Amino acid sequence: MVLLAGAGLLLAAAAQAGEPDAARRAELGLLLTHDCGSCHGLTMKGGLGAPLLPKALAGKDLEALAQVILDGIPGTPMPPWSPLLTRDEALWMIDRLRRGGLHD
Ligand code: HEC
């Protein structure tokens, strides 16, 4: 599956716990743009997937959104990312999306 091919490279680092380090944060940023962006739009405005802009995520529960990333949404194209991401990494990605800091 093409979407996961690039993300496979991240697998080795996925076992670590806690706040991702700088190198891993750079990888997660690429994952957001390339893999998540392929469905949610390069600028997260939405496409096949729902918009992930700060406005769209405001008021939603951080933990619940991280769980959506890890489990996916059965019956929709949203895949589970738990083979590639830890819970801390999913939380970090949501935090970053909520701050809109996609390209820092
Ligand atoms: C193959 C397409 C696809 C990919 C790749 C994908 N998503 Fe999704 N995502 C979806 C779809 C479709 C939905 C909406 C499902 C529904 O509720 O109908 C969704 C929903 C979500 C939601 C819930 C949004 C909300 O407001 O509740 C989050 C968060 C999310 N995706 C994050 C991500 C992240 C982070 C990535 C990358 C690690 C990612 N997605 C990759 C298709 C995708």
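This structure is a prediction, so every number in the text was calculated from the model and none was measured. Both counts, for ligands and for their atoms, begin at 1 and track the order of listing.
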**Study point:** Same cluster (ILVMFWY, side-chain, under 4.5 Å), I94 and L30
**Key:** no

Check your understanding: When only distance counts, is K60 in polar contact with ligand 1, meaning an N/O pair under 3.5 Å?
Key -> yes

Revision key, fill the gap. In ligand 1, the atoms that come under 4.0 Å of a heavy atom of V68 are 22 (C), 23 (C), 28 (C)

Check your understanding: Is there a heavy atom of A56 sitting under 4.0 angstrom from any atom of ligand 1?
Key -> no

Check your understanding: How far does OG1 of T43 sit from NZ of K45, to the nearest 0.5 angstrom?
Key -> 3.5 Å

Review point. Where does P51 meet ligand 1, judged by heavy-atom distances below 4.0 Å: at the side chain, the backbone, both, or neither?
Key: neither

Check your understanding: Do NZ/NE/NH1/NH2 and the carboxylate oxygens of R25 and D21 come within less than 4.0 Å?
Key -> no

Review point. Which of these, M44, H40, M93, H34, has its nearest heavy atom closest to atom 9 (N) of ligand 1?
Key: H40

Check your understanding: Got a second to check how far I69's CD1 is from L91's CG, nearest 0.5 Å?
Key -> 8.0 Å

Check your understanding: What are the atoms of ligand 1, with element, lying closer than 4.0 Å to any heavy atom of T76?
Key -> 15 (C), 16 (C), 18 (O)

Study note, to complete from the structure: Closest to atom 17 (O) of ligand 1 by heavy-atom distance, out of L84, I73, I94, is I73

Check your understanding: Where on D35 is there a heavy atom closer than 4.0 Å to ligand 1, on the side chain, on the backbone, on both, or on neither?
Key -> backbone

Practice item. Number the atoms of ligand 1 from 1 as they appear, then name those within less than 4.0 Å of a heavy atom of C39, with their elements. Key: 1 (C), 2 (C), 3 (C), 4 (C), 5 (C), 42 (C), 43 (C)

Review point. So how far is it from M93 CE to L70 CG, rounded to the nearest 0.5 Å?
Key: 10.0 Å

Review point. W81 to ligand 1: N or O pair under 3.5 Å?
Key: no

Study note, to complete from the structure: CH2 of W92 to CG of L97, rounded to nearest 0.5 Å, is 9.0 Å

Revision key, fill the gap. Numbered in order shown, the ligand 1 atoms found under 4.0 Å of a heavy atom of I69 are 32 (C), 35 (C)

Practice item. Check P54 against R98 and note the closest heavy-atom contact, atom names and distance. Key: CB-O, 3.2 Å

Point to revise | From D88 atom CG to E19 atom CD, the distance as rounded to the nearest 0.5 Å | key: 8.0 Å

